[in-house]
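We use all heavy atoms of the structure for the numbers below, so side chains are in, but hydrogens, waters and symmetry mates are not. Order of appearance sets the numbers: ligands from 1, and atoms from 1 within every ligand.
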Amino acid sequence: MSVIRVRGLQNLHGEIRIQGSKNAVLPLMAAALLHSGIIVITNVPRIQDVFCMLGILESLGCHCRFEGHELMMDTRSLLLSRVPDVHGKQMRSSVILLGPLLGRLHEAETCYPGGCSIGRRPVDLHLSALEKMGAEVWAKEDQIRVSAKALHGSDIYLSFPSVGATENILMAATASSGITRIHGAAREPEIEILCRFLNAMGAAIDGIGSDLLTIHGGKPFHDVVFAVPGDRIVAGTYLGALMAAGGNIRLLGVPTEHMGGTLAAVRGMGCEVKAQHGDICACMKERPRPVSLCTGPYPEFSTDLQSVMLAAASVAQGRSRIRENVFEERFATAQELQKMGAHIIIKGKTALVTGTYPLAGGVVQARDLRGGAALVVAGLAAEGESRIYGYSYISRGYEDISRDLAAVGADLSLEED
Ligand code: EPZ
């Protein structure tokens with residue numbers, strides 16, 4: 001079993017090239033199924049969720065080649081419309097195959113999606129929208145099946161700006177007749193990237209970046225080569241590591257235009273940050289100042305960095321408040337941080353943190369992807385050795401967190417226990 005061993009209290013110095021974005025590349029791989037041809041995506045991160053999505057595409061009949069960070073998908077031989085449970089259960093993104101498969105093969109089937117257990121994570125918004133666009137939806141126990149001879153444009157009103165539901169509707173709408181408008185669409189950068197990818201493939205989407213997306217369906221698709229931007233959550237994670245460890249680092253290949261909320265929060269905690277031309281230079285001279293933040297749909301502070309901020313706040317000089325407004329169960333990591341000496345009290349949706357320094361090295365267990373990364377961040381501010389189990393969660397979204405942080409002087413390694 002893999003375990004990350006961290007010896008804390010080392011300052012960080014140096015630079016890290018940020019991997020391609022997990023939450024951007026997964027919908028692009030799904031969207032490729034809309035077109036019968038050759039799609040090439042570059043700067044693809046070598047993470048478990050990408051390999052899982054590759055497994056799904058190949059099980060459906062596609063031929064893929066993933067060399068270095070370049071992914072070629074030949075979707076001309078797409079044949080099957082049923083996502084194998086073995087893959088579907090591994091990640092949330094299996095659900096966003098419904099839209100493209102419906103658009104290309106007029107049917108799709110998958111088990112209820114897996115992914116981090118951070119809340120109930122229903123798919124009602126996905127299914128009700130597809131139904132409104134003309135699909136027949138069948139959902140019982142653990143299976144979801146959709147079919148439609150022809151999808152048609154529709155006005156879809158989302159009661160919550162769901163990222164995945166917006167992605168599914170966007171992809172289905174490009175293969176529908178007529179015009180689809182998504183009112184209350186998610187505005188996460190990953191939605192903008194998906195819209196740009198679909199338009200590069202031949203779609204006609206207006207309103208990109210806004211919460212009203214208009215899709216003129218039925219346009220012919222063509223082959224495309226597309227580059228995935230850097231991962232804003234991985235970049236934010238490493239800024240959290242810097243706040244815990246101190247020092248100065250440079251992050252290369254970062255989508256700084258999509259990190260406004262993150263940069264404001266870390267600056268508020270005393271981190272000096274200069275963002276220019278896709279790079280971030282950051283310096284942390286002393287313990288973080290306390291923080292008060294709420295997570296929410298973009299452009300509010302990202303829920304995916306909540307656990308990392310919890311770890312940084314655990315060593316801040318004072319009391320912090322962190323409120324989780326997106327997922328109802330995303331504080332599981334607090335229990336593990338408490339084993340390292342963190343003073344965290346959870347009251348409903350809010351974590352009250354009284355900073356203490358240093359933390360104490362301990363044996364802890366990742367409970368989800370971003371929580372696992374947060375434990376690594378905490379280990380950097382702990383006296384002695386920490387051993388973080390549950391690497392299988394972390395490797396879903398981080399290409400090699402040990403490699404990246406060791407490259408800037410952290411004393412940590414990935415070992416077999
Ligand atoms: C995406 O998940 C991301 N995953 C998540 O990142 C991210 O936390 C989330 O968006 C919010 O930004 C990927 O892109 C692969 P949602 P998704 O649909 O699409 C509720 C990570 O760590 N909801 O916007 O599942 C839902 O329960 C992962 O990289 C419904 O009620 O997020 C949640 O409370 C974790 N009904 C809220 O909306 C629905 O039909 C946000 O979910 C769909 C969602």
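- In this structure, of Phe327, Tyr298, Phe160, the residue bringing a heavy atom nearest to atom 38 (O) of ligand 1 is Phe160.
- Where the criterion is an N or O separation shorter than 3.5 Å, residue side chain and backbone included, Arg92 meets it with respect to ligand 1.
- Near Thr303, meaning under 4.0 Å from any of its heavy atoms, are these atoms of ligand 1: 8 (O).
- Scanning Val163, Thr295, Asp304 for the heavy atom closest to atom 10 (O) of ligand 1 points to Val163.
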Report all side-chain donor-acceptor pairs from residues 22-36 shorter than 3.5 Å, counting only partners two or more places apart or in another chain.
{"from": "His35", "atom 1": "NE2", "to": "Asp223", "atom 2": "N", "distance (Å)": "3.2"}
{"from": "His35", "atom 1": "NE2", "to": "Asp223", "atom 2": "OD1", "distance (Å)": "2.6"}

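- Contacts between His126 and ligand 1 below 4.0 angstrom, taking non-hydrogen atoms only, involve backbone and side chain alike.
- Proximity annotation for atom 21 (C) of ligand 1: of Arg370, Glu190, Glu188, Glu324, Arg370 comes nearest, heavy atoms only.
- Taking the six-membered ring where the residue is Trp, Tyr298 and His258 present perpendicular rings, their angle passing 60° and hence far from 30°.
- Protein heavy atoms are found less than 4.0 angstrom from atom 43 (C) of ligand 1.
- Heavy atoms of Asp124 found under 4.0 angstrom from ligand 1 belong to the backbone as well as the side chain.
- With a 4.0 Å heavy-atom cut-off, ligand 1 is reached by the backbone of Val326 and by its side chain too.
- Within the 4.0 Å heavy-atom criterion, the part of Lys22 lying near ligand 1 is the side chain and not the backbone.
- Taking any N or O of Glu167, backbone or side chain, none lies under 3.5 Å from an N or O belonging to ligand 1.
- Listed by number with element, the atoms of ligand 1 under 4.0 Å from a non-hydrogen atom of Gly164 are 18 (O), 19 (O).
- Classified by interplanar angle (parallel below 30°, tilted 30° to 60°, perpendicular above 60°), the ring pair Tyr398/Tyr238 is tilted.
- Between Ser93 and ligand 1 there is a heavy-atom distance shorter than 4.0 Å.
- Counting heavy atoms closer than 4.0 Å to ligand 1, residue Ser162 contributes atoms from both its backbone and its side chain.
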